[in-house]
Amino acid sequence: KDENLDAVYQHYIHLTTALTNTDAAKAKIAALAIEAGAKDLQGGKTIEAQASRIINANGIEVLRTAYHEMSKSMIDLIRKSGLSGGVLYVDYCPMAFDDKGASWLSTTKEIKNPYFGDKMMTCGEIKETIK
């Protein structure tokens with residue numbers, strides 16, 4: 001329902017895809033756009049800082065750790081804002097981060113795991129549907 005959040009979310013999807021493809025360069029480009037968009041987002045300071053960590057990260061695992069923190073923030077903001085249409089899924093991988101688990105947002109029911117990429121592309125399940 002929030003246009004600024006929707007704009008940031010579109011870049012979040014690009015970030016998720018980049019991590020799913022284990023492409024650190026594209027992940028950082030998406031994070032730059034998220035950082036810029038988060039400045040206009042109510043409650044966006046945390047996401048802006050998390051995007052900055054992604055931009056400055058060295059190595060794909062560090063990127064994925066920062067993405068995990070950003071995903072938690074995005075899920076919270078979207079739950080609070082709500083959707084004006086469509087559906088989002090909160091996906092969960094129980095094996096991420098040494099079996100501590102991690103969530104991310106998706107627009108499809110198909111699991112494409114950004115925490116493992118092609119190593120375990122379909123590891124995970126849908127934990128929640130946001131409407």
Side-chain angles (χ1 to χ4, degrees):
K1 292 180 181 177
D2 180 326
E3 287 182 21
N4 292 329
L5 180 56
D6 182 51
V8 169
Y9 175 75
Q10 298 307 315
H11 297 296
Y12 171 86
I13 290 297
H14 295 298
L15 174 60
T16 303
T17 301
L19 291 175
T20 301
N21 295 329
T22 313
D23 188 333
K26 285 188 180 175
K28 289 184 178 201
I29 291 168
L32 281 167
I34 291 168
E35 183 182 48
K39 293 176 195 273
D40 298 326
L41 192 59
Q42 185 174 353
K45 291 282 184 212
T46 301
I47 289 176
E48 184 179 351
Q50 292 160 339
S52 179
R53 280 196 284 280
I54 291 170
I55 294 161
N56 295 307
N58 290 319
I60 196 73
E61 296 311 316
V62 178
L63 280 165
R64 286 180 168 139
T65 300
Y67 169 80
H68 169 56
E69 295 303 317
M70 179 184 285
S71 291
K72 290 191 286 188
S73 298
M74 287 293 293
I75 291 166
D76 288 344
L77 283 176
I78 288 174
R79 279 182 184 139
K80 289 175 188 170
S81 171
L83 303 179
S84 57
V87 174
L88 290 179
Y89 301 98
V90 178
D91 295 340
Y92 178 76
C93 173
M95 297 178 70
F97 304 110
D98 296 321
D99 298 330
K100 292 178 185 157
S103 297
W104 71 97
L105 287 163
S106 173
T107 57
T108 67
K109 288 186 176 183
E110 181 183 6
I111 299 294
K112 289 187 178 181
N113 189 322
Y115 297 107
F116 288 105
D118 60 4
K119 291 180 188 174
M120 294 191 334
M121 182 66 73
T122 59
C123 180
E125 63 184 322
I126 296 171
K127 282 291 197 181
E128 179 184 350
T129 302
I130 301 173
K131 297 180 180 183

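Everything quoted here is computed from the prediction, not taken from an experiment. Residue numbers count from 1 along this sequence.
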Requested in this report: Please lay out, stage by stage, how Tyr12 and Leu5 fare under the test side chain to side chain contact (heavy atoms under 4.5 Å, CB included).
Outcome: CA-CA 10 Å; Tyr12 171 86; Leu5 180 56; over 6 Å; no
Rounded to the nearest 0.5 Å, what's the gap from [atom1] on [X] to [atom2] on [Y]? Could you check?
| X | Y | atom1 | atom2 | result |
| --- | --- | --- | --- | --- |
| Leu77 | Leu41 | CG | CG | 5.5 Å |
| His11 | Ile47 | NE2 | CD1 | 12.5 Å |
| Tyr115 | Ile60 | OH | CD1 | 12.0 Å |

Considering all heavy atoms of both residues, which atom of [X] and which atom of [Y] are nearest to each other, and what is their separation?
| X | Y | answer |
| --- | --- | --- |
| Arg64 | Gly117 | NH2-N, 3.8 Å |
| Gln10 | His14 | O-CD2, 3.0 Å |
| Leu63 | Leu19 | CB-CD2, 4.1 Å |
| Tyr9 | Ile78 | CD1-CD1, 3.8 Å |
| Cys123 | Cys93 | SG-SG, 3.5 Å |
| Leu15 | Ala27 | CD1-O, 3.5 Å |

Say whether, by atom type as modelled, one donor and one acceptor occur between the side chain of [X] and the main chain of [Y] under 3.5 angstrom.
| X | Y | result |
| --- | --- | --- |
| Ser52 | Glu48 | no |
| Lys109 | Tyr89 | no |
| Asn4 | Asp40 | yes |

Query raised in the report: In this structure, are over 12 heavy atoms from other groups packed under 6.0 Å from Gln42 atom CD?
Result: no
Query - NZ (Lys28) with more than 12 external heavy atoms under 6.0 Å - result: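 It does: Lys28 NZ has more than 12 such atoms within range.
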Requested in this report: Determine which pairs satisfy side-chain hydrogen bond (donor to acceptor under 3.5 Å, both in side chains) with at least one residue from residues 72-84, sequence neighbours left out, and list them in order.
Outcome: Gln50-Ser73, Glu69-Lys72, Arg79-Glu128
